[in-house]
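Quick note: residue numbers are just sequence positions, from 1.
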Amino acid sequence: MRPTLIRVDPERPDPAALRPAAAALRRGKLVAFPTETVYGLGAHALRAAAVRRIFEAKRRPAFNPLIVHTLDAEAARALAARWPREAERLAERFWPGPLTLVLPRTAAVPDEVSAGLTTVALRVPAHPVAAALLRLAKIPVAAPSANRSNALSPTTAEHVLRGLGDRVDVIVDGGAAPVGIESAVVDLSGPEPLLLRPGTLSLERLREIVPELRAAGVETTADTPRPAPGMLARHYAPRAPLRLLPAGEISGGVAAAAGERIGAVLLRTDVAGIAVPLRMPAEPAGYAGRLYAALHELDAAGCTLILVEAPPDRPEWAGVLDRLRRASHL
Ligand code: TXA
Ligand code: MG
């Protein structure tokens with residue numbers, strides 16, 4: 001069956017329009033909804049059967065845990081067995097917003113949510129539609145990005161429909177997700193705070209609150225545990241192979257790709273021979289906001305190769321570069 005589509009104003013969603021979506025969540029259904037980062041595929045976080053449906057719909061491996069979304073920090077804290085000072089301070093500074101905190105979990109959190117780990121990932125989203133939905137549903141909502149496992153994250157309801165279609169019960173359309181890449185994930189459950197996944201909040205800004213925070217390496221080795229499966233080298237990838245090239249090597253990349261239908265994600269470069277050239281904003285926030293939509297567009301246009309002009313290797317670009325490197329990993 002096709003999902004029920006509910007369209008709401010992104011800034012001032014009508015609670016009456018959202019009520020059926022909240023009721024569906026309470027009944028254990030799957031509801032896709034916009035957050036400020038990307039669209040999430042939500043389910044009742046405290047019901048194992050509902051959570052299992054997320055894994056089936058996405059074909060997500062059972063070892064990859066989910067983020068639980070709550071209306072406020074108090075509701076998030078209720079699911080954590082420990083709430084260290086760093087959690088309090090990060091929550092106060094950055095919630096609601098594109099930050100996820102990993103903490104030891106209470107027994108209320110089903111094993112399915114945490115993929116068997118003793119921790120839970122928690123986030124208070126800032127998007128008015130997500131907040132309104134959580135307010136009406138009155139339950140914590142587990143929600144990974146609303147895409148098939150390993151595919152591109154959706155930043156519009158249209159992306160969700162194209163990727164998951166009838167595997168979702170309800171899709172709430174609240175326009176384009178403004179931040180555009182997934183939240184930063186900070187693990188506070190271990191002996192030292194670790195940035196598991198960079199987002200648009202830079203390491204520098206997070207360190208203003210937690211100075212000892214350090215970035216986890218991209219690759220984990222065989223003898224270290226894999227703390228976040230989002231850290232798998234290949235992830236967040238379009239269908240077409242993606243090559244990340246310095247500006248000066250784009251024209252060489254085009255020349256070497258005879259016979260391909262080339263799509264390109266460009267900053268300054270202007271090169272002939274590209275079937276679908278897309279120009280990106282030159283600052284990281286604008287770029288992140290547009291990135292997945294651009295890659296979805298190139299896939300939809302039937303490109304067989306995507307060339308990306310590498311953004312500058314500077315701290316404010318870390319979240320964007322992380323996603324591009326993973327997308328380009330063969
Ligand atoms: O912005 C976002 O975070 C979006 C929106 C919908 O909130 N969600 C999202 O979910 O990106 P997902 O499932 O695509 O990514 C969740 C990330 C994964 O890298 C996962 O491994 C990590 O969070 N994660 C979840 N629970 C964890 C845990 N207990 N310990 C370590 N990492 C965890
Ligand atoms: Mg995802």
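Heavy-atom contacts from other residues, nucleotides or ligands closer than 6.0 Å to CD of Glu212 number more than 12. Within a 6.0 Å radius of CZ in Arg290, other residues, nucleotides and ligands contribute more than 12 heavy atoms. By the neighbour-count criterion of 12 heavy atoms within 6.0 Å, atom CZ of Arg207 is densely surrounded, having more than that number from other residues, nucleotides or ligands.
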Practice problem: For side chain to side chain contact (heavy atoms under 4.5 Å, CB included), just list the numbers for Asp313 and Leu321, CA-CA rounded to whole Å, side-chain angles, deciding distance to a tenth of an Å, and then say yes or no. | Solution: CA-CA 8 Å; Asp313 195 356; Leu321 279 168; 3.7 Å; yes
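Residues Leu266 and Leu245 share a hydrophobic cluster, clusters being chains of Ile/Leu/Val/Met/Phe/Trp/Tyr side chains in contact below 4.5 Å. Linking Ile, Leu, Val, Met, Phe, Trp and Tyr whenever their side-chain heavy atoms come within less than 4.5 Å leaves Val51 and Ile67 in two separate clusters.
The side chain to side chain donor-acceptor pair (under 3.5 Å) check on Asp169 picks up Arg53, with sequence neighbours excluded.
Looking at Glu182 and Arg323, a side-chain N of the basic residue comes within less than 4.0 Å of a carboxylate O on the acidic one, giving a salt bridge. Between Arg105 and Asp111 a salt bridge is recorded (basic side-chain N to carboxylate O distance below 4.0 Å).
Considering CZ of Phe33 and NE2 of His127, their distance stands at 10.5 Å, rounded to 0.5 Å.
Judged by distance alone, the side chains of Ser202 and Glu316 never bring a donor and an acceptor atom under 3.5 Å apart.
The aromatic rings of Trp317 and Tyr287 lie perpendicular to each other, with more than 60° between the two planes, well past the 30° mark.
Within the 4.5 Å cutoff, the side chain of Arg123 has heavy atoms near those of the His69 side chain.
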